[in-house]
Each structure stands twice: as C-alpha cells, then as structure tokens.
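Order of the sequence lines fixes the chain letters, A, B, ..., with proteins taken first and strands second; residue numbering starts at 1 for each chain.
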Amino acid sequence: MADDKDVLRDVWFGRIPTCFTLYQDEITEREAEPFYLLLPRVSYLTLVTDKVKKHFLKVMKAEDVEEMWFDFEGTSLKWHYPIGLLFDLHASNTALPWSITVHFKNFPERDLLHCPSNSVIEAHFMSSIKEADALKHKSQVINDMQKKDHKQLWMGLQNDKFDQFWAMNRKLMEYPTEEGGFRYIPFRIYLTMSDRPFIQKLFRPISTDGYTHTLGDLLKEVYPVAISNDDESKHYQVVIHGIEPLLETPLQWLSEHLSHPDNFLHISVIPTPSD
Amino acid sequence: MSSCFLDEETFCQCCQLFLQHSHSLCDGWSWEQVKGSEEGYLRKTALGTGRTRCNQDQQGTSSDQHQERTFSLSFHNDDDDEDDGAVCCIQEENSSSSVVQYEYHILYSCSYQTPVLYFRASTLEGRSLCLEEVWDSVHPNYRQRLQHRPWDTITQQEHPLLGQSFFVLHPCRTEEFMKPVLKAALEEHRQVNYIVTWLSVVGPVVGLDVPLSYCTQVPEPPHTPSSSPQPPSSSPQPPSSSPQPPSSSPQPPSSSPQPPSSSPQPPSSSPQPPSSSPQPPALGTKPG
C-alpha cells in the first residue's frame with residue numbers, strides 16, 4: 001500500500017513546464033518577454049496564472065486589457081479542464097516547454113466560459129466533486145460533510161496542500177466493503193476527433209457477479225474506437241495524467257488513485273503519433 | 001414506487017411524446033440527435049425579453065470587477081448560513097429591457113438521473129449575454145428562490161454534447177420538487193409526463209413557458225413492466241438517499257418506472273421500444 005500512496009503524491013505533484021507568449025496582435029507599449037512557469041497538472045489555468053497576467057500587464061495599458069484567455073496552436077484552452085488534461089489532449093506529443101499564447105482581447109464567447117474570479121473556479125470544482133459523489137455514493141458522503149470540509153477540499157487545491165486535501169478526500173474514496181467499490185465510476189473520456197467534447201456514462205466498477213471491470217472493459221463498452229487496431233498497430237493512445245495505463249488495470253483502482261482532485265477520471269484518447 | 005428519478009430511456013420516450021404535442025402547437029421544439037449515437041436533446045429557440053446593457057462596452061477591467069463582485073457575493077456564502085448568500089443583481093443605470101434571442105436545450109444527466117435545462121441568450125445583434133444580464137433577466141418572482149438556494153442557481157457551463165458555453169440551471173435539487181408531484185400523481189392515478197412537469201417548474205424561471213395543454217395532452221410513456229424480481233444484492237436503486245418501497249407490489253403506471261438503465265436486467269424484461277438509447281451492457285453477465 002506504500003506504493004499506492006506514492007501514486008497519489010506523484011499525481012498531485014505532476015508539473016508541466018510552460019512558456020507563455022503574448023499574442024502578437026495585442027497592443028503593447030514595449031516588447032513583451034515570454035514568461036515561464038511550471039504548471040500543476042491537477043489545477044486550473046485561471047487559478048495559477050496570476051503571475052502571467054501581472055507580467056504582461058507591465059507592458060500594456062489598462063484599456064487594452066480585458067479578460068485573459070489562452071490558446072495553444074489556435075485551439076482556445078478551456079480553463080475549467082484540469083491543466084494536465086489540456087496538455088495530454090492537445091500537446092502530449094509536442095516538445096516541451098508547452099507553448100501557450102496569452103490573449104487579452106476578443107474573448108471567444110461561444111467556446112470559453114468566463115472566469116471573473118476564483119469563486120467561479122471554486123464553484124466549478126465543488127460542482128464536479130458533488131457530481132462525482134452522486135455517482136459514487138448517491139451523494140451521501142458529500143452531503144454528510146460540513147461546509148468547512150468542503151472548504152478544506154478547495155483550499156487544499158488552491159494552496160497546493162496535499163495533506164490538507166487528502167485528509168478530507170479520503171472519505172470520498174471509501175466504499176462499503178461488501179460492495180467492493182463505488183456505485184458508478186466518475187469518468188469522462190475526451191476525444192480530439194469529434195464535435196462532442198467528452199463521453200460520460202454510467203459504468204459500474206464491479207459487476208453483480210463480482211467481476212472487476214478494467215480500463216479496457218470501460219473503453220470497450222463506451223468507446224470501442226479507442227482500442228481498435230489494425231495490423232497490430234494502435235491507432236489511439238489512452239492517456240491519464242500523461243501516462244498510458246495498462247488496459248488490464250482495474251477501474252476501481254484507477255478511480256481511487258488516478259482521479260483528479262475533482263474526483264473524476266479524466267481520460268484522453270488521442271491519435272498515436274505517426275512517427 | 002414513486003421514483004423521482006428518470007432513466008435515459010424514459011427521458012427519450014417522454015421527450016418524443018412531448019414533441020408530438022409540440023408539433024401540433026407549432027411552438028418550435030425539435031429533437032437533435034448526436035451523430036452516431038441514440039443520445040439527443042430537445043431544442044428550441046425563442047425571442048423573449050431580457051435586461052441587457054445598453055452600451056456595447058461590456059468589456060474591460062471595470063466589467064471584470066463588476067462580475068467579480070457578483071460572484072463573490074453569490075458563492076462565498078458557503079462559509080455562512082445559506083440565507084446570507086445573496087446574489088447581487090446589479091441594478092445598472094444603463095441597462096434596459098430589450099429583445100433577447102434565447103436557445104433552450106433539454107439534456108439528460110446520467111449523474112443526477114434527471115433532465116437538465118441548458119440555454120444561451122444573445123441580443124439581436126448577436127452579442128452573447130453575460131451571466132449578470134441573465135440574472136437581471138430572471139423574473140423578480142423567481143429571483144428570491146435563486147438567491148437563497150445556491151444549488152438552484154444559474155451558472156455558465158460547457159454543453160456536454162456541443163462543447164460550447166451555455167447557462168445551466170443546476171439539477172441537483174430536481175428531486176425535491178419532482179418527488180411530491182410524482183407521488184401525488186401516483187396516488188391519484190394521474191398520468192404525468194416527467195419532462196412536462198419538470199419543465200413547467202424550471203422553464204418559467206428563464207423565460208420559457210409551458211402552455212397548459214401540455215399538461216393535459218401529453219401522456220407518460222407506456223409502463224414497461226419490469227415486474228420480474230431483481231437480484232437482491234444488486235437491487236437497482238436510483239441515486240437517492242431515501243428508502244424506496246419494494247417494487248414487487250402492483251403499481252399503477254408511474255412516470256419513471258425504470259430503475260437506472262445500467263443495472264442488469266433479468267432476461268424476461270419486455271423488449272425495449274425502438275427509440276430507446278442503447279443499454280449499457282448487462283454488466284452482471286460478463287464472463288468472470
């Protein structure tokens with residue numbers, strides 16, 4: 001079990017080296033230098049980029065500055081997705097550092113949610129946790145927690161405090177022994193080659209006759225394309241936190257150890273690079 | 001059994017029955033299917049009124065601060081008594097009543113096993129309304145309810161099928177208002193179409209009215225008898241903390257007769273109607 005706890009730490013402390021460059025059409029008083037930052041995989045862009053904003057505001061006039069937003073190679077980045085998910089989905093097979101373009105104008109209203117303050121991030125984060133618990137425990141565990149416990153989950157994330165977070169989160173990872181696992185697994189499978197942003201369905205970790213479902217079972221059921229292959233070459237990579245877990249991995253274990261702090265398993269299915 | 005939850009198949013059936021009546025009224029609802037799947041949603045566009053800012057200048061740092069103030073009031077109440085949480089609908093001197101184009105989508109949430117109302121709003125010039133303007137557009141009669149119940153609130157979310165920004169009425173309290181209605185209908189042997197009932201409660205909050213004829217003209221889906229006993233250990237329960245009465249006693253048709261559709265069905269279940277969404281596997285029957 002010591003190994004399993006290490007996994008929790010490795011997930012929490014994952015970082016992505018990132019280079020932020022100001023979009024060339026932004027109006028500046030002098031040249032803007034790029035800004036480098038190590039981004040936590042498990043956090044959210046708007047939560048950890050105050051320094052980025054401050055850096056670029058130094059060379060801009062207030063009237064040229066509206067809500068900050070980001071793009072990577074022309075794709076606007078959804079702040080409400082965990083950073084690690086955005087990277088795995090859009091940039092896994094590109095060279096580091098991850099090059100993100102910073103914008104202060106022309107906010108893409110249709111595609112991005114507004115994020116005027118940290119309260120919005122908190123609300124979104126807590127909403128995901130509640131939804132995950134609705135799936136895992138019929139909301140019983142989250143509803144039994146007090147408001148201060150909910151706050152502790154958020155503060156743990158916001159302040160990068162692993163122990164504070166997990167002191168509370170472990171309750172959300174428990175289940176009655178006789179059940180063998182959660183009621184349903186909170187997961188989302190993100191697709192790059194589709195209009196649809198993700199697939200989310202009801203899926204049990206343990207079948208009624210006690211069979212332990214694996215990652216492969218999940219994919220076969222809800223997105224078989226992901227594990228299709230011709231001539232022994234894989235078309236797609238199935239990535240969680242930057243790694244490709246074996247398809248034989250039990251889903252219950254993945255849910256307990258590789259979920260994001262919002263208690264969801266965020267799974268990217270990306271085309272295998274051709275070289 | 002008066003279940004206040006809805007499985008996906010029943011959702012689709014309720015929607016189809018809803019649509020039949022809608023077509024007779026020509027009131028603009030349609031069914032949008034997701035490419036390559038049985039999933040879909042109801043959609044309608046409509047012109048309505050809303051409060052929007054007159055000047056085009058709704059961008060800029062001052063607006064950010066504005067919205068920041070709104071949000072900090074609406075969400076920081078988690079520390080305090082719920083009643084203290086007040087969403088501040090900023091009374092703008094330069095906002096006025098204007099014509100707003102609304103687009104409504106009714107989707108199914110498998111996490112909450114309820115329908116969810118998504119919508120977006122724009123001015124006739126095509127400018128999307130911001131959350132503040134949407135709040136301001138909510139009829140004063142409903143504002144108090146939204147202010148004091150943060151989880152009834154309207155937030156901006158990503159549309160799960162289209163990936164675009166929409167506003168959403170949070171679904172996690174649906175059970176609270178659906179349960180008594182469904183229970184009463186059951187006791188009085190009345191037919192209830194879940195979508196009609198649900199929409200008539202949440203719709204008006206965001207400018208969507210449901211004509212009365214829906215309540216009298218739209219039936220509930222045919223009750224698919226699943227009277228065969230369910231295996232006890234995996235007894236399918238909707239995600240609800242209240243105990244469910246046993247399903248073996250003779251029941252008049254209820255509006256959501258099916259337990260969550262991912263639970264294993266005994267082989268003697270009736271065949272599913274053609275419009276059903278694909279069933280997740282009979283998970284219990286996988287080889288061990």
Side-chain angles (χ1 to χ4, degrees), chain A residues 62-63 65-67 78 80-81 105 107-114 116-120 122-124 126-127 130-132 134-135 137-140 143 147-148 150-151 154 178 183-184 186 188 194-204 206-213 217 220-222, chain B residues 8 34-35 37 59-61 63-72 74-76 78-80 109-113 120 127-128 130-131 150-151 153 155-165 170 172 231 233-234 237-241 260-264 280-281 283-288:
Chain A
E63 65 255 29
V65 172
E66 293 163 9
E67 186 173 350
K78 300 182 180 188
H80 68 284
Y81 284 9
K105 281 267 184 206
F107 190 90
E109 297 282 339
R110 285 232 137 182
D111 299 327
L112 293 187
L113 307 181
H114 282 284
S117 77
N118 281 5
S119 310
V120 173
E122 180 181 2
H124 166 73
M126 291 312 302
S127 179
K130 288 182 193 203
E131 185 181 348
L135 289 165
H137 303 118
K138 302 187 220 172
S139 301
Q140 276 159 7
N143 287 345
K147 280 178 181 153
K148 67 176 174 67
H150 294 175
K151 205 62 172 171
W154 165 247
E178 65 273 15
R183 181 171 153 75
Y184 296 111
R188 287 192 178 162
S194 168
D195 289 332
R196 184 180 188 158
F198 57 80
I199 294 175
Q200 181 180 350
K201 294 213 183 343
L202 294 177
F203 194 86
R204 291 190 195 272
I206 311 281
S207 70
T208 42
D209 45 11
Y211 174 75
T212 306
H213 286 131
D217 293 330
K220 199 158 148 207
E221 182 51 40
V222 310
Chain B
E8 189 158 10
V34 175
K35 255 188 316 198
S37 114
Q59 319 275 359
T61 1
S63 168
D64 279 345
Q65 286 164 3
H66 219 153
Q67 287 182 318
E68 172 143 10
R69 184 153 52 102
T70 310
F71 287 119
S72 56
S74 66
F75 293 111
H76 276 167
D78 273 350
D79 291 324
D80 319 307
S109 162
C110 64
S111 304
Y112 292 105
Q113 306 228 295
R120 51 186 175 192
R127 176 178 71 76
S128 307
C130 66
L131 184 59
W151 293 109
T153 202
T155 55
Q156 211 188 15
Q157 303 281 338
E158 176 184 37
H159 190 293
L161 299 175
L162 300 179
Q164 297 174 341
S165 316
H170 204 276
C172 70
S233 62
S234 66
Q237 296 291 339
S240 160
S241 48
S261 54
S262 66
S263 40
L283 294 172
T285 60
K286 264 192 140 44

Audit row: A:Leu202, B:Gln113, side chain to side chain contact (heavy atoms under 4.5 Å, CB included) steps and yes/no: CA-CA 10 Å; A:Leu202 294 177; B:Gln113 306 228 295; 3.3 Å; yes
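No part of A:Glu178 comes within reach of chain B, as not one of its non-hydrogen atoms sits under 4.5 angstrom from that chain. The part of A:Lys78 that comes within reach of chain B is its side chain, from C-beta onward, which places non-hydrogen atoms under 4.5 angstrom from that chain. If you measure heavy-atom distances from A:Leu112 to chain B, the contacts under 4.5 Å come from the backbone alone. Contacts of B:Leu161 with chain A are made by both backbone and side-chain atoms, with heavy-atom separations under 4.5 Å.
Judged by distance alone, the side chain of B:Ser128 and the main-chain N or O of A:Arg110 form no donor-acceptor pair under 3.5 Å.
No other option in B:Gln164, B:Lys35, B:Gln156 has as many heavy-atom pairs under 4.5 Å with chain A as B:Gln156.
To the nearest 0.5 Å, atoms CZ (A:Phe107) and SG (B:Cys130) are separated by 11.5 Å. Atom CZ of A:Phe198 and atom CD of B:Glu158 lie 5.5 Å apart (nearest 0.5 Å).
Residues A:Glu109 and B:Ser165 come closest through the heavy atom pair O-OG, 3.3 Å. Taking both residues in full, the closest heavy atoms of B:Ser111 and A:Ala134 are given as O-CB, 4.0 Å, listed atom of the first, atom of the second, then distance. Nearest heavy-atom pair across A:Ser127 and B:His170 is OG-NE2, 3.5 Å.
A:His114 has its side chain out of reach of B:Leu131: every pair of non-hydrogen atoms, C-beta onward, lies at least 4.5 Å apart. Counting only heavy atoms from C-beta outward, the side chains of A:Gln200 and B:Pro160 never approach each other to under 4.5 Å.
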